[in-house]
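Whatever order the structure lists ligands and atoms in, that order sets their numbers, starting from 1.
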Amino acid sequence: MNEIETLKKWIDESDNIVFFGGAGVSTESGIPDFRSVDGLYNQKYDYPPETILSHTFFMHNPEAFYKFYRDKLIVHNVKPNKAHIALAELERMGKLKAVVTQNIDGLHQAAGSKNVFELHGSTLRNHCMNCGKFYGVEAIENSDGIPRCECGGIIKPDVVLYEEALDDFVMSESLKYISECDMLIIGGTSLNVYPAAGLINYYKGHKLVLLNRGETPYDNRADLIIRDKIGEVLSSVVDADYSSIA
Ligand code: CNA
């Protein structure tokens, strides 16, 4: 049996799959990841992206933070790709119980996934730091400089910056699903960002699948590795309606 056949067989046999993913899930939608050669970490900015995306930088240089954020993290005219569609279909079929993602682009929900845990938040949600009023992504997109609430407070994205804590509920639910699933599919993540990557240590089964183009520090733990484009791999094993993709 080749790797794709093994993946298909394991998916067919399971009804308790969890998917854990990262930026590589959305590259086929045209959104650059951080660590690939054409990713944001290999482009040139005044400061390294890890610095700009830190809480300290946000507090001291909000103007520069929002410039980078508008240019690079808010995405325009993007659609779910085959990976998002296949995962949403697996949930509809009752096979996949949760998507745990490090992504902040909302594309899993756009594809129809319901039980999604966004470890690093979402660019689609923003709140005033002063009065807590909710704002959509337009409030940041359509403003210049530092986006302000009608009360005068700064509107901050619900995105977890470096140095900031992850949401307790999202962490504990993610941990619960990962520790209780019988098949864990990890995809499109370099598994370099903690504490998110540490969650996969809670998986106790023997069907750990890694769908990632690059190597990861967890490769030796995987029961199956496929180093190909995740959208192509998942769409070759999940029968779904991919007609929305041009
Ligand atoms: P990363 O460190 O950039 O790693 C991405 C991984 O995906 C790399 O190992 C690539 O080899 C692999 N990869 C890229 N494209 C594909 C593909 N088509 N098929 C299979 N593998 C692929 O990203 P991580 O998610 O591991 O890092 C965590 C950061 C990135 C999180 O904090 C995210 O919020 C952040 N991020 C999110 C987005 C988004 O929401 N779309 C975009 C860029 C960065």
Set of salt bridge (charged side-chain N to carboxylate O under 4.0 Å, His left out) partners for D239, sequence neighbours left out = none
Would you kindly say whether S243 and D241 are connected by a side-chain donor-acceptor distance under 3.5 Å?
-> yes
Atoms of ligand 1 under 4.0 Å from any heavy atom of G22, numbered from 1 in the order shown, are 25 (O)
Ligand 1 versus T27: contacting region, heavy-atom distance under 4.0 Å = side chain
Using distance alone, decide if ligand 1 has a nitrogen or oxygen within less than 3.5 Å of any nitrogen or oxygen in G214.
-> yes
So, does E89 use its side chain to make a donor-acceptor pair with the main chain of V238 at under 3.5 Å?
-> no
Which atoms of ligand 1 sit under 4.0 Å from any heavy atom of S26?
-> 41 (N)
Can you check whether Q102 has an N/O within less than 3.5 Å of an N/O in ligand 1?
-> yes
Do Y47 and N61 meet the criterion of a side-chain donor-acceptor pair at a distance under 3.5 Å?
-> no
Those atoms of ligand 1 less than 4.0 Å from some heavy atom in A23 = 23 (O), 24 (P), 25 (O), 36 (N), 37 (C), 38 (C), 42 (C), 43 (C), 44 (C)
Can you list the atoms of ligand 1 that are under 4.0 Å from a heavy atom of I31?
-> 41 (N)
Donor-acceptor side-chain pairing of D33 and T27 below 3.5 angstrom | no
Taking all atoms of both residues into account, what is the closest heavy-atom pair of D223 and K207, and its distance?
-> OD2-N, 3.4 Å
Taking the inter-plane angle between the rings of Y66 and Y69 on a 0 to 90° scale, is it parallel (under 30°), tilted (30 to 60°) or perpendicular (over 60°)?
-> perpendicular
Compute the shortest N/O to N/O distance between P32 and ligand 1 and return yes if it is under 3.5 Å, no if not.
-> no
K82 (side chain) donor-acceptor with Y242 (main chain) under 3.5 angstrom = no
E28 side chain reached by I230 side chain, heavy atoms, under 4.5 Å | yes
What do we get for R213 next to ligand 1 when only non-hydrogen atoms under 4.0 Å count, side chain, backbone, both or neither?
-> both
Those atoms of ligand 1 less than 4.0 Å from some heavy atom in V193 | 27 (O), 28 (C)
Just jot down the ligand 1 atoms closer than 4.0 angstrom to any heavy atom of E28, in number order.
-> 17 (C), 18 (N), 19 (N)
State the atoms of ligand 1, each with its element, that fall below the 4.0 Å cut-off from a heavy-atom position in D105.
-> 39 (C), 40 (O), 41 (N)
From S190, P49, A83 - option closest to atom 1 (P) of ligand 1 by heavy atom = S190
Can you list the atoms of ligand 1 that are under 4.0 Å from a heavy atom of G188?
-> 5 (C), 6 (C), 7 (O), 21 (N)
Can you name the side chain to side chain donor-acceptor pair (under 3.5 Å) partners of S174, sequence neighbours left out?
-> none
At the 4.0 Å heavy-atom cut-off, does D228 count as touching ligand 1?
-> yes
